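In this text, all values refer to a predicted model and were calculated from it rather than measured experimentally. Both ligands and their constituent atoms are indexed starting at 1 by order of listing.
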Amino acid sequence: MRAMSEFDLHCHSSISDGTLPPAEVVRRAAANGVRLLALTDHDDVAGIAEARASAAEVGITLVAGVEISVSWRGHQVHIVGLGLDPENAELVSQLKAMRDGRFGRAQRMAEELARLGIPGALEGAARYAGGSIIGRTHFARFLVEQGIARDVKSVFDHYLGTGKPGYVPHEWASLSDTVGWIRGAGGIAVIAHPFRYKLSSNERSNLYKEFKALGGEGIEVAYGSANEQERRDAASAARRHGFLASCGSDFHGPGESMIDLGNVPPMPEDLTPVWAKLAVAAN
Ligand code: AMP
Ligand code: MN
Ligand code: MN
Ligand code: MN
């Protein structure tokens, strides 16, 4: 059993690859005891208005967020932006371009899957995407539906993970542009799930330094997929680089994520939590 937290600064709705609409994500978070929630859909801020209205109804605070996909030295890295203006014109138009780029990638992914004997994947994935951004999770749900794999995770293990037969390389945003868009919209840039990337310790430390030099301010220390050792290592990185510490479930939906909203362990008390600065921004 993990501890519950009043702070959950990373989760997804059906605007990206979560299964619940934004208002339901907020209600579920509140029911779980979360008091400060950031909605961080992939490459889209379209769920913020609905989430904000729902948060006002249930009496919790909603932080406007986003999770942006970045290509960094051959790796896909995710940067979360927190406390940003979801109507910032530059951010909105850059995210739109990213979502458009996802469509071409999805077409290529469907071609790869067809070659592997799995037809109809573009239509199938689009059905799960429901008109919002299309990504690998939607393809994974379609493959599970077709009986090709038993769950979403095994689709990634066998078909869609990096280097697997249905994997299509894609050029995402640069780290520098991403941090710039987030800061330009008044937000705080945070490195998401730092131990999900297959980086050497040297590369990892270069990522932190480069991110910091670009104006990145935070790192996730406690998150859905992090084990105890990874939380300790992320906390050390926060101390060493002077990062604000963030935490979040990375919830995608009941049944699909092991970790429910608010289900994150506490962070070491000597770290400065990112909400110390967010609170100032909210005033
Ligand atoms: P995309 O942005 O289209 O590349 O899809 C990335 C998303 O796929 C992540 O945000 C996760 O939701 C999901 N994902 C990535 N790796 C895995 C995995 N091993 N098991 C389950 N879901 C995964
Ligand atoms: Mn996702
Ligand atoms: Mn992510
Ligand atoms: Mn995420």
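- In terms of protein heavy-atom proximity, atom 12 (O) of ligand 1 is nearest to H252 NE2, 2.9 Å.
- Residue contact check for ligand 1: H138 places no non-hydrogen atom closer than 4.0 Å to it.
- No side-chain N or O of D44 forms a donor-acceptor pair with one of S16 less than 3.5 Å apart.
- Contacts with ligand 1 closer than 4.0 Å are made by no heavy atom of H170, backbone or side chain.
- For atom 6 (C) of ligand 1, the nearest non-hydrogen atom of the protein is R136 NH2, 3.8 Å.
- More than 12 heavy atoms of other residues, nucleotides or ligands shown are found within 6.0 angstrom of CZ on R99.
- Among heteroatoms of the N, O or S kind in H12, NE2 lies nearest the Mn ion (ligand 4).
- Here the protein heavy atom with the shortest distance to atom 15 (C) of ligand 1 is F156 CE2, 3.4 Å.
- Taking a cut-off of under 4.0 Å to the non-hydrogen atoms of R105, the atoms of ligand 1 that pass are 1 (P), 3 (O), 4 (O).
- The option with the heavy atom closest to atom 10 (O) of ligand 1, from among H12, H42, E67, Q76, is H42.
- Applying the 6.0 Å contact sphere to CD of E228 captures no more than 12 heavy atoms from other residues, nucleotides or ligands.
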Determine whether R115 and E112 satisfy the following criterion, salt bridge (charged side-chain N to carboxylate O under 4.0 Å, His left out), listing intermediate values before the conclusion.
CA-CA 5 Å; R115 250 191 284 281; E112 289 305 314; 3.0 Å; yes
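- Of the N and O atoms on the side chains of D41 and S13, at least one donor lies less than 3.5 Å from an acceptor on the other residue.
- The aromatic rings of Y197 and H78 sit perpendicular, their planes meeting at an angle over 60°, well past the 30° parallel limit.
- Here's the thing with H78: none of its N/O atoms is less than 3.5 angstrom from an N/O atom of ligand 1.
- Of all atoms in ligand 1, numbered sequentially from 1 with element shown, those under 4.0 Å from a heavy atom of G135 are 3 (O).
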List the steps and the verdict of salt bridge (charged side-chain N to carboxylate O under 4.0 Å, His left out) for D17 and R141.
CA-CA 10 Å; D17 59 356; R141 289 179 188 141; 5.9 Å; no
Determine whether E220 and R196 satisfy the following criterion, salt bridge (charged side-chain N to carboxylate O under 4.0 Å, His left out), listing intermediate values before the conclusion.
CA-CA 11 Å; E220 287 183 353; R196 283 266 301 275; over 6 Å; no
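- Atom CD of Q107 has more than 12 heavy atoms from other residues, nucleotides or ligands within 6.0 Å.
- On a distance-only criterion, D157 and ligand 1 share no N/O pair closer than 3.5 Å.
- Distances shorter than 2.8 Å separate the Mn ion (ligand 3) from the protein N/O/S atoms E67 OE2, H78 ND1, H193 NE2.
- Taking the six-membered ring where tryptophan is involved, the planes of H193 and H10 are tilted, since the angle between them lies from 30° to 60°.
- Less than 4.0 angstrom separates some heavy atom of T137 from each of these atoms of ligand 1: 7 (C), 8 (O), 12 (O), 13 (C).
- Counted by atom type alone, H170 and Q76 present zero donor-acceptor pairs between their side chains at under 3.5 Å.
- Of the protein's non-hydrogen atoms, R102 NH2, 2.9 Å is the one closest to atom 2 (O) of ligand 1.
- Using a 3.5 Å distance cut-off with no hydrogens or angles, the side chains of S154 and D151 do pair a donor with an acceptor.
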